[in-house]
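What follows is one structure encoded as structure tokens, with my remarks underneath.
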Amino acid sequence: MADLKKFFKKPNRREETANTASVPEGLWIKCPKCGETVYKEDVVANAYVCPKCHGFFRMKAKTRIRQIADADSFQEWFCGMETANPLNYPDYPQKVAQLQEKTHLDEAVCIGEATICGEPVVLGVCDARFLMASMGYVVGEKITRAFEEATKRRLPVILYCCSGGARMQEGMVSLMQMAKTASAIKKHSKEGLLYIPVLTDPTTGGVTASFAMLGDIILAEPGALIGFAGPRVIEQTIGQKLPEGFQRAEFLVEHGIIDGIVAREDQKEMLAFLVKLHTKRAGYAAFTDENSLSAFNFYKKKKKKKAAEPMSAWERVKVARDSHRPSSLDYIYAIFDNFTEFHGDRAFRDDGAIVGGVALLDGQPVTVIGIQKGKNTKENLKCNFGMPSPEGYRKALRLMKQAEKFGRPIINFVDTPGAFCGIEAEERGQGEAIARNLMEMSDLTVPVLSIVIGEGGSGGALALAVGNEVWMMENATYSILSPEGFASILWKDSKKAKQAAEVMKITAADLKELKIIERVIPEEQPASEENLEELAEYMKISMKQFFRRQEGKTPEEIAAERYERFRGM
């Protein structure tokens with residue numbers, strides 16, 4: 001498996017204005033982005049991407065299927081359905097017949113069963129050549145039947161979406177396909193099955209407001225135009241010129257609407273990986289074997305060295321805040337394989353203060369989420385100094401509920417001075433977002449492990465720490481508020497923060513004694529880049545032991561144990 005970090009590209013402004021066009025017949029073709037004439041064979045060999053400027057050409061449905069599905073594995077379903085003409089719209093049947101003859105398609109979507117790198121899926125592809133892939137009765141019926149059949153066969157669904165929206169020539173019949181497809185997707189989802197839409201250029205209108213935006217994981221191609229109302233309609237309605245890059249795939253990642261962007265040449269491998277990850281349920285007994293237990297014992301022996309001088313609570317506060325201390329992402333990449341980050345709360349923004357996605361722990365799927373701090377000013381501006389906004393907590397909850405659906409255990413890394421306290425955070429419901437996490441996490445039916453690796457600041461930390469077990473690193477802190485705030489409120493003097501730290505009982509040792517946490521992760525030396533590998537190995541082995549303790553428990557028992565843990569506080 002290739003390095004999956006490259007698959008989700010960071011926003012690239014140069015790609016946001018990419019336009020697409022159908023590939024014409026002939027030896028030479030003109031790129032729709034740069035206008036250069038390029039050799040057609042080079043374009044085909046490059047997944048229909050311009051070899052000069054990387055602009056995208058639109059792809060025929062059957063060409064896309066050949067690119068994504070294993071050779072000779074695609075078997076088309078629901079062929080020959082007749083298109084209705086409920087409005088008796090003039091020449092509509094004749095137009096459909098002409099397009100059927102020209103495109104060799106019976107309608108704007110081609111759908112059936114296939115395998116991708118050996119993984120069985122239901123695969124559908126919309127084709128813009130057929131009335132701009134607009135959704136009429138036949139398109140809606142094909143997609144609905146596909147989800148119904150996938151539910152019966154317990155198969156994941158992958159749809160390549162492309163559309164100008166609802167089909168005007170079919171009026172309200174077309175509009176009803178939005179509700180019909182959404183209902184079928186809900187039934188499929190309730191069975192714990194995976195759905196991945198891949199949004200291509202353009203995906204707009206009623207398709208965006210139905211099956212295109214209802215995936216467990218929503219991917220897009222670079223530069224794809226994605227939106228409900230088209231840009232021309234918006235400009236005419238509001239009388240304003242839209243900003244550059246508006247409604248492009250990169251814009252949607254930044255605004256938290258989709259999970260990520262995948263280049264064409266990486267899509268087959270990425271989709272196969274995600275399908276495999278979501279069809280393999282975690283078996284907790286597999287997380288621990290004799291070798292790992294021996295390694296754990298060896299590690300404990302290795303740590304029997306002369307203990308360092310004990311630190312005061314205030315000294316540990318300063319160590320926990322040290323900018324050189326490893327971040328959540330440092331531990332994620334050191335402990336897990338194939339971490340694949342997902343983005344956004346599906347509503348407003350992708351908060352850089354919270355990172356999350358799926359990964360493998362010795363081959364077993366897990367969901368990993370962390371509050372992220374930066375190591376320099378640029379990084380800290382991106383992640384708001386580790387202070388999450390409401391959309392960050394909502395992203396975390398979305399990923400945790402996704403983990404619950406697919407039976408994946410959850411590992412959270414906590415490192416925050418506290419939730420962001422700003423005007424915009426209050427406007428978007430900071431308190432509600434934290435409260436919602438506390439309530440929903442209490443009832444998750446998969447194991448949740450939360451680890452405080454640095455600062456654990458107040459409710460902003462607790463919003464990711466409603467776990468079956470909560471661990472702390474030896475030099476981490478976990479507190480109702482900062483020592484400075486405590487001293488300021490109770491003693492009217494923030495300069496007494498040092499004394500406050502001793503009174504507040506915020507160190508790992510104090511909280512272990514108070515039974516607020518279950519484990520202290522030892523730091524012979526304060527965590528740093530130099531001892532990251534050792535700390536990560538210790539955590540990994542300990543995690544596997546934690547998951548083995550969950551073996552044999554029902555989902556209801558896992559949730560009940562978490563409830564009782566906090567009920568006894």
Atom of Val157, atom of Ala150 and distance for their closest heavy-atom approach: CG2-CB, 3.5 Å
Atom of Ala334, atom of Ala536 and distance for their closest heavy-atom approach: CB-CB, 3.7 Å
Sidechain N-carboxylate O distance under 4.0 Å for Lys405, Asp216: yes
Test item: Met441 and Val448 side chains (from C-beta on) under 4.5 Å apart, heavy atoms: yes
By ring-ring contact (aromatic ring centres under 6.0 Å, His included) - contacts of Phe486 (at least two apart): Trp491
Atom NZ of Lys505: over 12 foreign heavy atoms under 6.0 Å: no
Pairs meeting criterion salt bridge (charged side-chain N to carboxylate O under 4.0 Å, His left out) with involvement of residues 444-458, two or more places apart: Arg321-Glu455, Lys373-Glu455
N-O pairing of Arg549 and Glu469 below 4.0 Å: yes
Between Asp510 and Thr507, a side-chain donor and acceptor under 3.5 Å: yes
Evaluation steps, side chain to side chain donor-acceptor pair (under 3.5 Å), between Glu221 and Gln267: CA-CA 9 Å; Glu221 291 194 325; Gln267 287 172 15; 3.1 Å; yes
Pair Val125-Phe74, side-chain contact (heavy atoms from CB on, under 4.5 Å): steps then yes or no: CA-CA 12 Å; Val125 180; Phe74 182 76; over 6 Å; no
Salt bridge (charged side-chain N to carboxylate O under 4.0 Å, His left out) contacts touching residues 323-340 (sequence neighbours left out): Arg325-Glu523, Asp330-Lys375
Validation row, ring centre Phe147 to ring centre Phe211 under 6.0 Å: no
Residues that Tyr331 engages under ring-ring contact (aromatic ring centres under 6.0 Å, His included), provided they are two or more places apart: none
Separation between CD1 of Ile111 and CD1 of Ile143, rounded to the nearest 0.5 Å: 5.5 Å
Thr200 vs Arg64 side-chain heavy atoms within contact, under 4.5 Å: yes
Gln550 (side chain) donor-acceptor with Phe546 (main chain) under 3.5 angstrom: yes
Heavy-atom check, side chain of Ile410 versus side chain of Val446, under 4.5 Å: yes
Pairwise side-chain contact, Met213 with Leu199, heavy-atom cut-off 4.5 Å (strictly under): yes
Worked verdict on Val319 versus Met311 for side-chain contact (heavy atoms from CB on, under 4.5 Å): CA-CA 10 Å; Val319 170; Met311 286 192 283; 4.0 Å; yes
Derivation and outcome, side-chain contact (heavy atoms from CB on, under 4.5 Å), residues His324 and Glu529: CA-CA 8 Å; His324 294 98; Glu529 186 177 345; over 6 Å; no
Flag side-chain contact, heavy atom, 4.5 Å: Arg519 against Gln545: yes
Side chain to side chain contact (heavy atoms under 4.5 Å, CB included) involving Glu513 - partner list, sequence neighbours excluded: none
Pair Ile116-Val275, side-chain contact (heavy atoms from CB on, under 4.5 Å): steps then yes or no: CA-CA 9 Å; Ile116 302 176; Val275 168; 5.8 Å; no
With sequence neighbours excluded, residues passing ring-ring contact (aromatic ring centres under 6.0 Å, His included) with Phe336: none
Atom CZ of Phe566: over 12 foreign heavy atoms under 6.0 Å: yes
Gap between atom CG of Leu271 and atom SG of Cys117 - 0.5 Å precision: 9.0 Å
Nearest-0.5 Å distance, CE of residue Met387 to CD1 of residue Ile354: 13.0 Å
Asp345/Arg398 salt bridge by N-O under 4.0 Å criterion: no
Pair Thr115-Asp70, side-chain donor/acceptor within less than 3.5 Å: yes
Leu381 atom CG: more than 12 heavy-atom contacts under 6.0 Å: yes
Between Glu379 and Gln372: side-chain donor-acceptor atoms closer than 3.5 Å: no
Side-chain donor-acceptor contact under 3.5 Å, Arg408 with Gln402: yes
Over all atoms of both residues, closest heavy-atom pair of Gly467 and Val470: N-CG2, 4.2 Å
Residues which pass side chain to side chain contact (heavy atoms under 4.5 Å, CB included) with Ala419, listed by chain and number, not counting sequence neighbours: Tyr393, Gln430, Ile434
Beyond-backbone contact of Leu159 with Tyr195, side-chain heavy atoms, under 4.5 angstrom: yes
Closest heavy-atom pair and its distance - Val368, Ala359: CG2-CB, 4.0 Å
Atom CD of Glu557 with >12 non-hydrogen neighbours under 6.0 angstrom: yes
Salt bridge (charged side-chain N to carboxylate O under 4.0 Å, His left out) between Glu391 and Lys395, worked out: CA-CA 6 Å; Glu391 50 271 20; Lys395 172 170 71 171; over 6 Å; no
Exercise: do Trp77 and Gln75 side chains pair donor with acceptor under 3.5 Å: no
Partner set under side chain to side chain contact (heavy atoms under 4.5 Å, CB included) for Thr144, not counting sequence neighbours: Glu148, Lys180, Thr181, Ala184
Glu191/Lys186 salt bridge by N-O under 4.0 Å criterion: no
N/O donor-acceptor pair under 3.5 Å between Asp266 side chain and Val262 backbone: no
Any Asp362 side-chain heavy atom under 4.5 Å of Leu360 side chain: no
For Glu533, side-chain hydrogen bond (donor to acceptor under 3.5 Å, both in side chains) partners two or more places apart: none
Distance-minimising heavy-atom pair for Pro483 and Val317: CG-CG2, 4.2 Å
Phe413 and its side chain to side chain contact (heavy atoms under 4.5 Å, CB included) partner, picked from Val452, Ile369, Ile335: Ile335
Residue list, salt bridge (Lys or Arg N to Asp or Glu O under 4.0 Å) with Lys401, at least two apart or on another chain: Glu404, Glu440
Partners meeting side chain to side chain contact (heavy atoms under 4.5 Å, CB included) with Ala182 (sequence neighbours left out): Leu214
Pairing residues for Arg153 by the salt bridge (Lys or Arg N to Asp or Glu O under 4.0 Å) criterion, not counting sequence neighbours: Glu113, Glu149
Close side-chain approach of Ile506 and Arg316, heavy atoms under 4.5 Å: no
